[in-house]
Each structure stands twice: as C-alpha cells, then as structure tokens.
Asker: 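Pasting in a structure now, in structure tokens, and then I'll have a few things to ask.
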Amino acid sequence: MADGDTHIVCPSCGGTNRIGAGKALIAAKCGKCHEPLFEGQPAAVDAAAFDKQIGRSDIPVVVDFWADWCGPCHAMAPSFEAAARDLEPKMRFLKLDTEAEPAIAGRYNIRGIPNLIVFKHGKILAQQAGAMNASALKAWLAPFAG
Ligand code: ZN
C-alpha cells in the first residue's frame, strides 16, 4: 500500500482489484466481473474465496465462523449485518460455514461458534469466541475500522 493504492478482493468472483488513492471504495466495481466490490452486507465464502480475501485484501477482514445448527450464530447474524452496513468499505465482512469448510475452522483451531476473527494481510489481529450483541460487536470492531 506504499503507493497509495488499495487492493480489494471481489466478493463475487475473487478477482483482486487495485483501487487508486482517493477513489471512493464504496462505489467501486470489480474490473473483472463488474459487480460492486462492497454491497454493505457480509459475503459468504468457501475455502478458496476465504484464502483470497484474507491474503490479498489491504483492508481488515472480519470473518464470522458459523454453522446453520448454531442458535447463537443465527442470533448474532443481524448484528453482524448491521456492522457490515456501517463499517464497509473500511472493513470486509465475510461468513464462513464451518460445516462446509471444516479445514478452515481447523486451521484456526475453532472449537466453539460463533467465532469472529479479524485479519489483516493474512495475520490475525483479534479473535472473539461467543456471540456479541450489536453494540458490543461495533465497539469490538471500531479499532480496526480506523
Ligand atoms: Zn468480481
């Protein structure tokens, strides 16, 4: 990011986009598939899309590790969606289904869900196990949203 450009990974096709300094991220569209790079909502990812997003994004990426059978995960989903509306494009919001992608959950040693991890350039900045309400979630994410 030394040149002022920001690399943003498209949630639709996984293509890496380089956005010039000063360009509005919120309005940016993917150069490859022409979908918006930010839709103000969490994007569901599989293992391949997850690796691209956390490895190539210049913005922090927060991942909700969840599963369909998990009641607290469903309870927290609206708060996560509200945070995405507020904080994109300062951060990317992703949801990873731990049942569909157990290898990713295993890589991060996730035993209980919901489990949230904030990544930057592939490194873990913060991790939180257990559900949070909307205000606690926003307060937890605020330092990363700059
Ligand atoms: Zn795309």
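What you are looking at is a predicted structure, and each value in this text was computed from that prediction instead of being measured. Just so you know, ligand 1 is whichever comes first in the structure, and atom 1 is the first atom listed for that ligand. FYI, side chains are in, hydrogens and waters are out, and symmetry mates aren't considered; it's all heavy atoms of this structure.
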Asker: In the structure I gave you, are the side-chain heavy atoms of E81 and F93 within less than 4.5 Å of one another anywhere?
Answerer: no

Asker: Kindly check if C13 and C10 bring their SG atoms closer than 2.5 angstrom.
Answerer: no

Asker: State whether a side-chain donor-acceptor pair under 3.5 Å links N17 with H7.
Answerer: no

Asker: Looking only at heavy atoms, what is the nearest atom pair of A67 and E99, with distance?
Answerer: CB-CG, 3.8 Å

Asker: Would you mind reporting whether R92 and F38 have side-chain heavy atoms less than 4.5 Å apart?
Answerer: yes

Asker: Return all protein N, O or S atoms below 2.8 Å from the Zn ion (ligand 1), chain by chain in residue order.
Answerer: C10 SG, C13 SG, C30 SG, C33 SG

Asker: Quick one: hydrophobic cluster around I124, which other residues, with the 4.5 Å side-chain cut-off, linked directly or via members?
Answerer: V45, F50, I54, V61, V63, F65, W69, L94, L96, I104, Y108, I110, I113, I117, F119

